[in-house]
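Worksheet: one structure, shown below.
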Protein chains: 2
Amino acid sequence: MLPTQLSENRAAATATPQSMEAGRQRQGRLWSNLKEVCDLLHIPSAAAINSEELLFQHVQFKTGQRIHTIGQPFDTLYIVNSGFLKTVLIDEFGNEQVLSFPMKGDMLGVDGIHSCQYASEAVALSDCDLILLPFKKLTALGRVHLELENMMYGVMSRELVREQAMIGMLGALSAEARVARFLVSLAERFSQMGYSSKLFNLRMTRHEIGSYLGLTLETVSRTLSAFNEIGLITVDQRTIGIKDPEALKTLRRLPPSRSRAKSAASRSKAAADAAAAAATTSTAAPAAQPAQLVATA
Amino acid sequence: MLPTQLSENRAAATATPQSMEAGRQRQGRLWSNLKEVCDLLHIPSAAAINSEELLFQHVQFKTGQRIHTIGQPFDTLYIVNSGFLKTVLIDEFGNEQVLSFPMKGDMLGVDGIHSCQYASEAVALSDCDLILLPFKKLTALGRVHLELENMMYGVMSRELVREQAMIGMLGALSAEARVARFLVSLAERFSQMGYSSKLFNLRMTRHEIGSYLGLTLETVSRTLSAFNEIGLITVDQRTIGIKDPEALKTLRRLPPSRSRAKSAASRSKAAADAAAAAATTSTAAPAAQPAQLVATA
DNA sequence: CGATAGGTTGAATTTTTTCAATTCCAGTGG
DNA sequence: CCACTGGAATTGAAAAAATTCAACCTATCG
């Protein structure tokens, strides 16, 4: 594999550089110490922790495997070390409602603390490497290592803030704005993880995206096509290229379709309209700049 | 005031029996001990706590007052002892997005832990009595009183589960189903608080309900009228009577409007339709039974 | 008692979904 | 190696759901 390649995300799905760094082989599995866990969660680990003793076990899941199911007794939290997942609620007719798409650095299972049963189901969308955090052990440890306790509260609060933002989005935004923000937030996540924020592969189906955003898969597909048509993004199946992140960030509604339908030549005009409709101060992107390729960590 | 009265909720807005129980006058304010706090949160307080020393201060807010605002430095959590509030997000144009309607036993401010700034704004919808929990003090105490620590994790996790349910609702349900569930969950909250679950007053405007449910105020109003028309509820401004809680709980979509419009006499037929459309096993409610009045605690 | 915010209702319009018809692709087995 | 197959994705047209705009009503509060 070349260090620069299009299918960068597929790399994360198997053995990543990261999972090599943050873990040591032992008894045929991987383990991480407290510092590595804190780093993964972006918690300043305050050095003071001398804990080659305190190790947390990793577990690998293959694509499609279930990490936990609804109602299953809760006893451990998980941190995503590599890979991509979805968490879902199942309604009375067995329909899935996607709640989140956890990836590197995210915590899973927090919703199980309250009732001692997981309240959602987590499924691997790619091969995954997760770190196990036995909850009892964790809280006990938290009483000794203050930064760990802060970490716990911080991560749970962050999760809550994220869900609040989600509620705000579902409650207030149009279909187009939801899809736009979804793309932007994905791009930001990838960027944080050291991947390209300009070109990436979606790990989930249109159906899953739709469920997550409260839309049908057709609406998602149409919206992506529309964004492509006015030059905000490029779409090829699950490969997305972000062309105008600023316009996506502030987009509220697309210009009326007639201004798109008129002619293919009016592309730049349509993009300008979109930016205007977005009530943004950002300048329209200077056409298609060459997509930045992958920076392998 | 009579012990049984229609405006039961208004009582909670001022001096309730509860706020008398759970608090003692001292220095002209109210204070609660740890046991009272735990009781309020429905946490088994494990007796062992001998803490007439450990007291938490109450603060009163008048209708319309702001408890905290977005961006304000975080240092304290709040527990609602009495009264009703809303929490909101403010978008870039100053529009409010309602996130929750906290009431007795709910915790406020958890979203501030992560970034040390409150992420939402809390506003009193009625006169309120809140208990202050200085966060630093609380975590320190948590290390000594294990049940308190568990309480913290439990409450935060519960909040998360609640928001997940909200996301599921916004993502998957029709306007009618959302309004129905909103009424049911309100009824349940009131019931838990010792009020009638059959007759209560809404504390919030149609606009606020709409924002909370991701609908316009007109849609909320129309939906309430429709529920009234088919006998699921009675509506008179902010006074809601619940007639058929089972149908509301399982309702997915209303029967087509023509079956409602045909004649006022077809009422029971329409109600049966609604129950059928709800795919529920519950029997349709036996017409209007006299509304149960208030049980004052 | 008039001003005003909240609430209801109707009609037109827009947005999103539903249904249906293809197309595209990845994987499988001949 | 290539034709098949089935899930995923796209696209169009019709239908349904929800919003918008507007008019009007009704409580409440100075």
Side-chain angles (χ1 to χ4, degrees), chain A residues 7 10 13 63-64 86 95-96 125-126 170-180 201-211 213-229 233-240 251-261 277, chain B residues 6-7 10 62-64 86 95-96 98 125-126 170-180 201-211 213-229 233-240 251-261 277:
Chain A
S7 58
R10 183 152 302 274
T63 303
K86 66 174 175 181
N95 303 316
E96 288 192 354
L125 293 181
S126 70
L170 291 175
L173 297 188
S174 68
E176 285 127 13
R178 291 182 209 181
V179 174
N201 286 314
L202 300 175
R203 288 265 132 20
M204 58 297 279
T205 67
R206 301 287 191 265
H207 181 78
E208 287 165 336
I209 297 172
S211 172
L213 298 177
L215 303 170
T216 60
L217 67 94
E218 292 96 332
T219 300
V220 173
S221 179
R222 271 187 248 276
T223 305
L224 291 175
S225 296
F227 286 173
N228 178 57
E229 216 170 333
I233 65 174
T234 60
V235 191
D236 175 41
Q237 297 291 117
R238 297 206 180 170
T239 303
I240 301 285
L251 182 142
R252 302 236 115 210
R253 51 173 28 101
L254 241 28
S257 60
R258 59 188 163 289
S259 72
R260 271 176 277 151
Chain B
L6 272 177
S7 59
R10 184 153 303 275
K62 292 242 178 68
T63 302
K86 66 174 176 181
N95 302 316
E96 287 192 355
V98 175
L125 294 181
S126 70
L170 291 175
L173 298 188
S174 68
E176 285 124 15
R178 291 183 208 179
V179 174
N201 286 314
L202 300 175
R203 288 265 129 24
M204 60 296 279
T205 66
R206 301 289 191 264
H207 182 77
E208 286 163 337
I209 297 172
S211 171
L213 297 176
L215 304 169
T216 59
L217 67 95
E218 291 98 331
T219 300
V220 173
S221 178
R222 272 187 249 276
T223 305
L224 291 175
S225 297
F227 287 172
N228 177 57
E229 216 169 331
I233 65 174
T234 59
V235 190
D236 175 41
Q237 297 293 116
R238 298 207 179 170
T239 303
I240 302 285
L251 182 141
R252 303 235 115 211
R253 50 171 29 99
L254 242 27
S257 60
R258 61 188 160 288
S259 71
R260 269 176 279 151

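Reckoned from all heavy atoms, side chains included, excluding hydrogens, waters and symmetry mates. Order of the sequence lines fixes the chain letters, A, B, ..., with proteins taken first and strands second; residue numbering starts at 1 for each chain.
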Separation of atom [atom1] in [X] from atom [atom2] in [N], rounded to whole Å:
X: A:Arg252; N: C:dT15; atom1: CZ; atom2: P; result: 14 Å
X: A:Ile209; N: D:dT10; atom1: CD1; atom2: C1'; result: 14 Å
X: A:Glu229; N: D:dG12; atom1: CD; atom2: C1'; result: 14 Å
X: B:Leu173; N: D:dA17; atom1: CG; atom2: P; result: 14 Å
X: A:Ile240; N: D:dA9; atom1: CD1; atom2: C1'; result: 12 Å
X: B:Asn201; N: D:dA27; atom1: CG; atom2: C1'; result: 14 Å
X: B:Leu202; N: D:dA27; atom1: CG; atom2: P; result: 16 Å
X: A:Phe227; N: D:dT10; atom1: CZ; atom2: P; result: 13 Å

### Contact state string [nucleotides 5-12 of chain C, B base, S sugar-phosphate only, - no protein heavy atom under 4.0 Å]
-SSBBBB-
Sequence neighbours left out, what passes side chain to side chain contact (heavy atoms under 4.5 Å, CB included) with [X]? Give chain and number order.
X: A:Thr234; result: A:Asn228, A:Lys243
X: B:Glu218; result: B:Thr216, B:Arg222
X: A:Ala172; result: B:Gln97

### Query
Just by distance, do the side chain of B:Ser174 and the backbone of B:Arg252 share a donor-acceptor pair under 3.5 Å?
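Flag set: sc B:Ser174 to bb B:Arg252 pair under 3.5 Å.
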### Query
Can any side-chain N or O of A:Arg238 pair as donor or acceptor with the backbone N or O of A:Asp236 at less than 3.5 Å?
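Answer holds: no.
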### With A:Arg178, the side-chain contact (heavy atoms from CB on, under 4.5 Å) member among A:Thr223, A:Val220, A:Leu215
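Looking at A:Thr223, A:Val220, A:Leu215, the match for A:Arg178 under the side-chain contact (heavy atoms from CB on, under 4.5 Å) is A:Leu215.
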### Query
Can you list the residues that meet the side chain to side chain donor-acceptor pair (under 3.5 Å) rule with A:Gln237, with sequence neighbours excluded?
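Testing A:Gln237 for side chain to side chain donor-acceptor pair (under 3.5 Å), a comparison that skips the adjacent residues, returns none.
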### Message
Between A:Lys86 and A:Met204, is the side-chain contact (heavy atoms from CB on, under 4.5 Å) condition met? List the steps.
### Response
CA-CA 8 Å; A:Lys86 66 174 175 181; A:Met204 58 297 279; over 6 Å; no
### Terminal helix-axis angle for the helix from C:dC1-D:dG30 to C:dG30-D:dC1, with five pairs defining each axis and rounding to 10 degrees
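The helix from C:dC1-D:dG30 to C:dG30-D:dC1 shows an end-to-end axis angle of 40°.
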### Query
With side chains defined as the heavy atoms from C-beta onward, is the minimum distance between B:Leu217 and B:Thr205 less than 4.5 Å?
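Answer no - side chains too far apart.
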### Query
With a non-hydrogen cut-off below 4.0 angstrom, is A:Gly210 in contact with a base, only sugar-phosphate, or nothing?
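Result for A:Gly210 = nothing.
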